[in-house]
Amino acid sequence: MKTSIFRFYAELNDFLPTGKRQRNISYDFYGNPPVKDAIESLGVPHTEVDLLLLNGRSVDFTHRLHRDDRVAVYPVFESLNIAPLLRVRERPLRRTVFVADVHLGKLARLLRLLGFDVSYSSHHTDTEIVAASVDEGRIILTRDRGLLKKNIVTHGYWVRSTQPLEQAREILQRFDLFAEVRPFSRCLVCNGLLAPVDKEVVRDRIPPKVAAWREEYFICQNCHKLYWRGTHHPRLQNMIESILGTDADNSPREAGRSDS
């Protein structure tokens, strides 16, 4: 039997039992297992880890443990709050897209409401979710830690909160996405982008009472669902403001209600 010492930092402690948080953890093992196996046996999905320091030296997940090794494990640095700092560009270099598991339908809808690309289906299997992540470069959002421990998964996040509005706020904070919010720019049903459409082109799809007073309409470029700013628009606006903690941007591409 051999022993190594692990220390997990910041939000990685969320995955640990209370008695093992914010302190050194002894890990007993036989042979020389990969450090990834040790981390996940302690309860932390590898997708939550961004940096490993073994005896002060940076290593990858395949590095094998030896007796008396000391391993420091750090979360993805996207969680670093850089809001007070000066940014070198208006928008990030990468495009952040997600795939949500079948239990996060309300979160998926809220993120789409905020303008984010979220693949979701209540019929998706774990295999399909993983495939979407790998093939399309999507970050898996899930409450299932086991899903994030699959070897093929490289980008994923375990959602801590159980309340949809709090979950949406958590995702924005975790991935520093507040500057990327574009409310009412994406279809809540299929995830497609919305585009303005001339009223006369879609007049036959508009209820007469709506057509009498509403001039602006938007159509999903994917499923062709029709949107307009309807009576429940204030409720959606309040939800956005609640997530952002401030007045939401009154985007020129706001949709309120659909024809179905």
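Note that these values count all heavy atoms, side chains included, but never hydrogens, waters or copies made by symmetry. Numbers here are sequence positions counted from 1.
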State the CG-OG1 distance between N13 and T18, to the nearest 0.5 angstrom. 10.5 Å
At what distance, to the nearest 0.5 angstrom, does CZ of F6 lie from OG of S26? 10.5 Å
Taking the six-membered ring for Trp, are Y227 and F184 ring centroids under 6.0 Å apart? no
Under 4.5 Å between any side-chain heavy atoms of L165 and E170, yes or no? no
Are I139 and S133 close enough that some pair of their side-chain heavy atoms sits under 4.5 Å apart? no
Give a yes-or-no answer on whether the side chains of T62 and D60 include a donor-acceptor pair shorter than 3.5 Å. yes
Looking at S122 and V102, would you say the former's side chain and the latter's main chain have a donor-acceptor pair under 3.5 Å? no
Criterion side-chain contact (heavy atoms from CB on, under 4.5 Å) on F8 and V44, from CA distance to verdict: CA-CA 9 Å; F8 294 88; V44 178; 3.7 Å; yes
Correct closest heavy-atom pair for K36 and N151 would be NZ-OD1, 2.5 Å
Partner set under salt bridge (Lys or Arg N to Asp or Glu O under 4.0 Å) for K199, not counting sequence neighbours: E215
Got a second to check how far L141's CG is from L104's CG, nearest 0.5 Å? 7.0 Å
Could you tell me if the side chain of L113 sits less than 4.5 Å from the side chain of L188, heavy atoms only? yes
Quick check: F98 with F175 (ring centres under 6.0 Å apart)? yes
Just by modelled atom types, is the I243 backbone N or O under 3.5 Å from a matching donor or acceptor in the R169 side chain? yes
When hydrophobic residues are tied together by side-chain contacts of less than 4.5 Å, even through go-betweens, does L54 share a cluster with L52? yes
Results of salt bridge (Lys or Arg N to Asp or Glu O under 4.0 Å) for R160 - residues two or more places apart only: D14, E48
Any link between I25 and Y30 through a network of hydrophobic side chains (Ile, Leu, Val, Met, Phe, Trp, Tyr) touching at under 4.5 Å? no
Closest non-hydrogen contact found for L12 with P75 is CD1-N, 3.6 Å
R109, CZ: over 12 other non-hydrogen atoms inside 6.0 angstrom: no
Working to the nearest 0.5 Å, report the span between CD of E216 and CZ of R214. 7.0 Å
Show your working on side-chain contact (heavy atoms from CB on, under 4.5 Å) between I206 and L226 and close with a plain yes or no. CA-CA 9 Å; I206 307 171; L226 187 63; 4.0 Å; yes
Test salt bridge (charged side-chain N to carboxylate O under 4.0 Å, His left out) on E200 and R203 and set out the steps. CA-CA 5 Å; E200 295 307 314; R203 178 174 289 275; 2.7 Å; yes
Is any side-chain heavy atom of L110 closer than 4.5 Å to one of K106? no
Could you go through S185 and L194, starting from their C-alpha distance and side-chain angles, then the distance that decides it, and tell me whether this counts as side-chain contact (heavy atoms from CB on, under 4.5 Å)? CA-CA 5 Å; S185 63; L194 303 185; 5.8 Å; no
H66 side chain vs R64 backbone, donor-acceptor pair below 3.5 Å: yes
Under 3.5 Å, is there a donor-acceptor pair between the side chain of R143 and the main chain of V159? yes
Could you grab the distance from atom CZ of R57 to atom NE2 of H63, nearest 0.5 Å is fine? 5.0 Å
Main-chain N/O of Y217 paired to W228 side chain as donor or acceptor, under 3.5 Å: no
Considering residues at least two apart in sequence or located in another chain, which fulfil the side-chain contact (heavy atoms from CB on, under 4.5 Å) criterion with K149? E40, P45
Taking all non-hydrogen atoms of both residues, which atom of G156 and which atom of L148 are closest, and how far apart? CA-CD2, 3.7 Å
Under the rule for side chain to side chain donor-acceptor pair (under 3.5 Å), what residues qualify as partners of N222, not counting sequence neighbours? none
Ring pair (Phe, Tyr, Trp, His ring centres under 6.0 Å) pairs, two or more places apart, involving residues 100-126: none
I want to check something: taking the side chain as every heavy atom from C-beta on, are E180 and L177 in contact at a cut-off of under 4.5 Å? yes
Could you walk me through whether V71 and V35 pass side-chain contact (heavy atoms from CB on, under 4.5 Å), step by step? CA-CA 9 Å; V71 185; V35 67; 4.0 Å; yes
Indicate yes or no: at least one non-hydrogen side-chain atom of N24 is less than 4.5 angstrom from one of R70. yes
Could you list the residues that satisfy salt bridge (Lys or Arg N to Asp or Glu O under 4.0 Å) with E128, not counting sequence neighbours? none
With side chains defined as the heavy atoms from C-beta onward, is the minimum distance between Q167 and Q163 less than 4.5 Å? no
Output the distance between atom CG (D37) and atom CG (L65), rounded to the nearest 0.5 Å. 9.0 Å
Any link between I171 and L147 through a network of hydrophobic side chains (Ile, Leu, Val, Met, Phe, Trp, Tyr) touching at under 4.5 Å? no
Hphob cluster co-occupancy, L107 + F178, side-chain heavy atoms under 4.5 angstrom: yes
CA sep, side-chain torsions, deciding dist, call: D69, S4, side chain to side chain donor-acceptor pair (under 3.5 Å): CA-CA 5 Å; D69 279 343; S4 289; 4.6 Å; no
Test item: V197 and F218 side chains (from C-beta on) under 4.5 Å apart, heavy atoms: no
Does G115 offer a backbone N or O that forms a donor-acceptor pair with the side chain of R182 under 3.5 Å? no
May I ask whether V97 and V181 are part of the same hydrophobic cluster, defined by side-chain heavy atoms of I, L, V, M, F, W, Y residues being less than 4.5 angstrom apart, directly or through others? no
Say whether Y9 and Q22, considering side chains only, have a donor N or O and an acceptor N or O under 3.5 Å apart. no
Looking at D101 and I129, what are the two nearest heavy atoms and their distance? CA-CD1, 3.5 Å
Here the pair of heavy atoms bringing C190 nearest to R112 is N-NH1, 4.0 Å
Look only at the side chain of N191 and the backbone of V118, and say whether a donor-acceptor pair between them is shorter than 3.5 Å. yes
Return the minimal non-hydrogen interatomic distance between H46 and V153, and the atom names on each side. NE2-O, 2.6 Å
